[in-house]
Enquirer: 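Got a structure for you, questions after.
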Amino acid sequence: MQYISHYDSPLGGITLGSDGESLIGLWFDDQKYFADTLDKQALVKELLVFEETKRWLDIYFGGEIPDFTPKLLMKCSKFRKSVWDIMLQIPHGHTMTYGQIAAKIAKENGLDKMSAQAVGNAVSHNSISLIIPCHRVVGTNGSLTGYAGGIDKKVQLLKLEKANMESFFIPKKGSTL
């Protein structure tokens with residue numbers, strides 16, 4: 001059985017998903033790939049993992065850095081998990097490029113190179129937004145592209161984290177993948 005709960009953030013409604021023990025999803029209500037890891041019959045129920053996640057979100061949207069991570073279960077392929085694990089390591093207020101993630105995965109797997117586009121696809125399908133910080137992934141040229149929650153939210157999240165925004169720009173096309 002799967003469960004859902006709702007959170008009202010300063011950037012809009014957020015739906016949380018769980019398998020009963022772990023967080024399996026966190027989506028802005030209008031984002032691309034919304035609830036892609038949830039069964040259609042998920043029940044509304046308050047769970048400990050939802051309480052922990054809402055506390056994490058309160059701290060985060062309060063402008064602080066949470067010192068804990070709710071229990072996560074990444075329902076995805078091995079490749080996506082490797083990309084999501086790297087995103088979990090990007091520090092608050094910092095960014096990493098799709099190319100840097102691709103290079104790191106290539107090195108970890110003994111490959112000469114890895115496709116930044118494949119990484120971009122894995123980033124865009126992140127089912128646990130914010131906690132797995134896909135908003136911290138940017139284009140090599142400084143483009144703020146590829147956020148399924150919308151480019152406006154990506155900008156607001158980076159500003160909330162006090163990221164240095166001087167070298168970034170909003171692309172004319174391709175604001176989500």
Enquirer: Would you compute the distance between atom CH2 of Trp27 and atom OG of Ser129 and round it to the nearest 0.5 angstrom?
Expert: 9.0 Å
Enquirer: For Ser143, is there any backbone N or O sitting under 3.5 Å from a side-chain donor or acceptor partner on Asn141?
Expert: yes
Enquirer: About how many Å separate CG of Leu73 and NZ of Lys81, when rounded to the nearest 0.5 Å?
Expert: 9.5 Å
Enquirer: Has the side chain of Asp29 got a donor or acceptor atom that lies under 3.5 Å from a matching backbone atom of Thr15?
Expert: yes
Enquirer: Give, for atom CG of Leu26 and atom CZ of Phe50, the distance between the pair rounded to the nearest 0.5 Å.
Expert: 9.5 Å
Enquirer: Looking only at non-hydrogen atoms, find the nearest pair between Val123 and Cys134 and report the distance.
Expert: CG1-CB, 3.7 Å
Enquirer: For Ser22 versus Leu72, what's the shortest heavy-atom pair and its separation?
Expert: CB-C, 4.0 Å
Enquirer: Identify each donor-acceptor pair in which a side-chain atom of residues 100-107 lies under 3.5 Å from a protein atom, sequence neighbours left out, and give them as a table.
Expert:
residue : atom : partner : partner atom : Å
Gln100  : OE1  : Thr97   : N            : 2.8
Gln100  : OE1  : Thr97   : OG1          : 3.4
Lys104  : NZ   : Gln89   : OE1          : 3.3

Enquirer: Any side-chain heavy atom of Val155 within less than 4.5 Å of one from Tyr147?
Expert: no
Enquirer: Under the rule for side-chain contact (heavy atoms from CB on, under 4.5 Å), what residues qualify as partners of Asp152, not counting sequence neighbours?
Expert: none
Enquirer: At what distance, to the nearest 0.5 angstrom, does CD of Glu108 lie from OG of Ser82?
Expert: 7.0 Å
Enquirer: To check you understand the geometry: which heavy-atom pair defines the closest contact between Tyr60 and Arg136, and what is its length?
Expert: CE1-NH2, 4.4 Å
Enquirer: Got a second to check how far Lys32's NZ is from Phe34's CZ, nearest 0.5 Å?
Expert: 16.0 Å
Enquirer: Determine whether a donor-acceptor pair (N or O, by modelled atom type, separation under 3.5 Å) exists between the side chain of Glu52 and the backbone of Pro70.
Expert: no
Enquirer: Check side-chain contact (heavy atoms from CB on, under 4.5 Å) between Ser9 and all other residues, then give those that pass, not counting sequence neighbours.
Expert: Tyr7, Leu11, Ile14, Phe28, Phe61
Enquirer: Before accepting this row, confirm whether a basic side-chain N of the pair Lys54/Asp58 lies closer than 4.0 Å to the acidic partner's carboxylate O.
Expert: no
